[in-house]
Amino acid sequence: MNIRNINAQNRTAAIGVSFDVPHEREVIAIGNPDNLKSYFTMGITSDEIDVRTRKLGSLVDDMNELAKGDCDSRMDIMAECSNGLCGIISEGQGNKSAEEYKNALTEIYDDSGKGNMILNFMIFSILTNYEYNHKTLSAEWHLLISAMKKSAARFAEQFNTCVSDMLLPFRNLPTLDDSNVRYWNIPEQLNDAPTDLTIHVYYTHNNGTWQTGYVAEDSFLAVLRIYCDILKQSNRIITNCPICHKLVVKVKQTESNFCSEECRLANKNEWTKEVRERNAKSDVQRTYDIFYTTGNNLKRKLKKDPDKLAEFDEYFKEARKKALALKNSVNDDSPDTEINKYRAKIHNMIQDIQNCADELCDQIRDEKDTDKN
């Protein structure tokens with residue numbers, strides 16, 4: 001895309017997406033609505049549109065980059081430039097005054113294969129709206145200066161409203177409690193979006209198959225809604241990592257929700273900590289722990305005789321099943337009579353495994369005495 005030569009005939013910036021799910025590919029396109037329609041229906045490309053074919057799910061990576069704040073400096077530049085361009089329109093200044101801001105926006109537009117297409121769409125939207133509003137204002141004939149100022153204020157407000165609405169989803173990303181970590185809450189953000197999000201659907205017949213393109217005008221959220229729907233139909237779900245809240249694309253329902261092994265381990269450690277804290281306060285759990293620890297300690301007496309240790313392991317395994325069943329039959333809120341019965345039964349089971357271990361130890365000693373004789 002020749003970002004320095006935006007056509008000012010149309011104030012609407014459009015973003016489109018199409019999917020090739022079997023080959024794990026997605027196409028993202030930026031341009032004005034007419035050019036994107038030509039691309040998605042007839043495959044016509046030009047310098048006035050930017051088209052990227054990427055791995056399926058790359059749009060989610062772009063969103064995560066925004067949430068992490070990796071693009072904050074560019075977001076600040078866009079906000080500063082849009083304010084500057086709005087001021088130029090409201091003052092009725094010439095287009096030369098805008099070169100500084102236009103050049104700054106052009107500098108941060110990333111036309112590399114790894115460029116963030118959401119950021120590129122925002123830049124294209126700002127420049128498109130500015131060129132349209134400034135050119136339309138300049139074309140109007142104003143007999144009085146007061147009329148010109150009134151007209152300039154109207155076009156500036158029109159520009160400002162459009163740009164503010166476009167940037168809103170990215171400026172107001174929610175944060176984790178008691179932290180500055182930002183994330184996307186897609187269901188909530190889509191529910192808060194205007195109900196009139198419009199998607200244009202275009203079909204083209206390429207390589208013997210029908211392909212579908214979805215195009216939204218001045219609205220990333222409209223594309224996000226269709227993006228989530230298409231992935232869901234393809235058995236892919238966009239969800240948030242329970243730990244860091246980064247967006248994750250799951251291929252199957254049974255896949256982990258965690259974005260990394262680090263987050264999975266963090267969740268496991270937190271879960272283990274909670275269980276330990278909960279069990280530390282439980283009389284029922286402590287009683288079972290005494291039984292379990294006693295059994296493991298008794299194993300040490302038998303470790304020099306593998307056969308006897310295996311025999312005890314089998315006995316202890318069966319006893320442990322019964323002890324677990326007893327533990328699960330009561331809780332700390334059970335009547336005292338039931339808890340006392342539970343403790344008595346566990347105490348008897350402890351005595352039984354001790355007797356079993358003692359008997360096996362006696363057999364080991366007897367066998368050694370026999371060998372000596």
Side-chain angles (χ1 to χ4, degrees), residues 1 3-4 6 13 15 17 28 30 50 52 54-55 57-88 98-130 159-190 192-193 216 218-225 227-228 238-249 259-260 262-263 266:
M1 173 185 286
I3 197 70
R4 294 183 180 272
I6 288 177
I15 180 171
V17 59
I28 305 292
I30 297 170
D50 188 359
R52 311 282 176 89
R54 315 184 297 179
K55 179 182 177 182
S58 294
L59 192 67
V60 172
D61 294 335
D62 290 347
M63 295 169 67
N64 282 329
E65 185 183 1
L66 282 167
K68 283 171 59 181
D70 293 353
C71 304
D72 277 0
S73 60
R74 284 170 283 175
M75 290 289 287
D76 290 341
I77 292 172
M78 281 192 291
E80 181 181 345
C81 290
S82 62
N83 289 334
L85 293 172
C86 185
I88 289 172
E99 287 303 312
E100 175 188 354
Y101 302 116
K102 291 162 67 174
N103 289 336
L105 291 172
T106 302
E107 288 285 330
I108 62 173
Y109 188 95
D110 191 345
D111 56 6
S112 70
K114 296 182 179 179
N116 190 310
M117 291 297 278
I118 303 175
L119 279 165
N120 285 351
F121 171 63
M122 289 189 274
I123 295 169
F124 177 74
S125 297
I126 293 170
L127 290 173
T128 297
N129 273 277
Y130 167 75
F159 168 81
N160 186 58
T161 299
C162 186
V163 172
S164 296
D165 288 347
M166 184 219 21
L167 292 177
L168 188 61
F170 313 101
R171 286 174 170 167
N172 293 341
L173 291 176
T175 58
L176 292 177
D177 293 338
D178 301 322
S179 77
N180 294 321
V181 178
R182 302 186 303 175
Y183 66 96
W184 288 83
N185 185 334
I186 294 178
E188 181 177 307
Q189 287 164 291
L190 289 180
D192 289 342
D218 293 325
S219 174
F220 168 71
L221 290 182
V223 165
L224 179 59
R225 176 169 287 168
Y227 193 89
C228 294
I238 303 176
T239 187
N240 292 90
C241 173
I243 299 300
C244 68
H245 281 237
K246 177 181 176 181
L247 291 177
V248 179
V249 180
C259 67
S260 64
E262 181 181 0
C263 283

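Note that the structure is predicted; figures quoted are calculated from it, not measured.
Take D61 and apply the side-chain hydrogen bond (donor to acceptor under 3.5 Å, both in side chains) test, not counting sequence neighbours, and it matches no residue. For R54, the salt bridge (Lys or Arg N to Asp or Glu O under 4.0 Å) criterion is met by E26, D62, not counting sequence neighbours. Residues that satisfy the side chain to side chain contact (heavy atoms under 4.5 Å, CB included) test with C228, not counting sequence neighbours, are I186, L224, I238. Considering only residues two or more places apart in sequence or on other chains, D70 meets the side-chain hydrogen bond (donor to acceptor under 3.5 Å, both in side chains) condition with K68. Remark: N240 engages no residue in a side-chain hydrogen bond (donor to acceptor under 3.5 Å, both in side chains) (not counting sequence neighbours). A search for side chain to side chain contact (heavy atoms under 4.5 Å, CB included) contacts involving L167 returns M122, V163, R171, not counting sequence neighbours. When the side chain to side chain contact (heavy atoms under 4.5 Å, CB included) test is applied to D218, the partners found at least two apart in sequence or on another chain are T12, A13, N129, C162. A104 pairs by the side chain to side chain contact (heavy atoms under 4.5 Å, CB included) definition with I77, C81, not counting sequence neighbours. Here S260 pairs with nothing under the side-chain hydrogen bond (donor to acceptor under 3.5 Å, both in side chains) rule; sequence neighbours left out.
Distance OG/S125 to CD1/I30: 8.0 Å, rounded to 0.5 Å. Note that the CE atom of M63 and the OG atom of S58 stand 13.0 Å from one another [nearest 0.5 Å]. Expressed to the nearest 0.5 Å, how far CD1 of I118 lies from CD1 of I123 amounts to 12.0 Å. Note that CZ of R52 is 12.5 Å distant from CG of L59, once rounded to the nearest 0.5 Å. For the atom pair CG (N103) and CD1 (I108), the distance works out to 12.0 Å, reported to the nearest 0.5 Å.
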For I88 and Y101, run side-chain contact (heavy atoms from CB on, under 4.5 Å): C-alpha distance rounded to whole Å, both residues' side-chain angles, the deciding distance at 0.1 Å, then the answer.
CA-CA 10 Å; I88 289 172; Y101 302 116; 3.9 Å; yes
Set out, in order, the CA-CA distance, both residues' side-chain angles and the distance that settles side-chain contact (heavy atoms from CB on, under 4.5 Å) for M117 and I15, then state yes or no.
CA-CA 9 Å; M117 291 297 278; I15 180 171; 5.7 Å; no
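At a threshold of 4.5 Å between non-hydrogen side-chain atoms, the residues L105 and I126 count as touching. Side chains of Y109 and D50 form a contact here, defined as non-hydrogen atoms less than 4.5 Å apart. Looking only at side-chain heavy atoms (C-beta outward), P174 and Q189 come within less than 4.5 Å of each other.
Residue pairs meeting the ring-ring contact (aromatic ring centres under 6.0 Å, His included) criterion with at least one member in residues 162-188, sequence neighbours excluded: F170-W184, F170-F220, Y183-H245. The salt bridge (charged side-chain N to carboxylate O under 4.0 Å, His left out) analysis of residues 71-83, with sequence neighbours excluded, yields the pairs E65-R74, D72-R182. Under the salt bridge (charged side-chain N to carboxylate O under 4.0 Å, His left out) criterion, the residue pairs touching residues 100-111 are E99-K102, K102-E131, with sequence neighbours excluded.
Taking every heavy atom of both residues into account, A79 and S82 meet most closely at O-OG, 2.9 Å. In terms of heavy-atom proximity, V248 sits nearest to C259 at CG2-CB, 3.6 Å. Contact record, C71 with L66: CB-CD2, 4.0 Å, taken as the closest heavy-atom pair.
Looking only at distances, no side-chain donor or acceptor of Y227 sits under 3.5 Å from a matching main-chain atom of L221.
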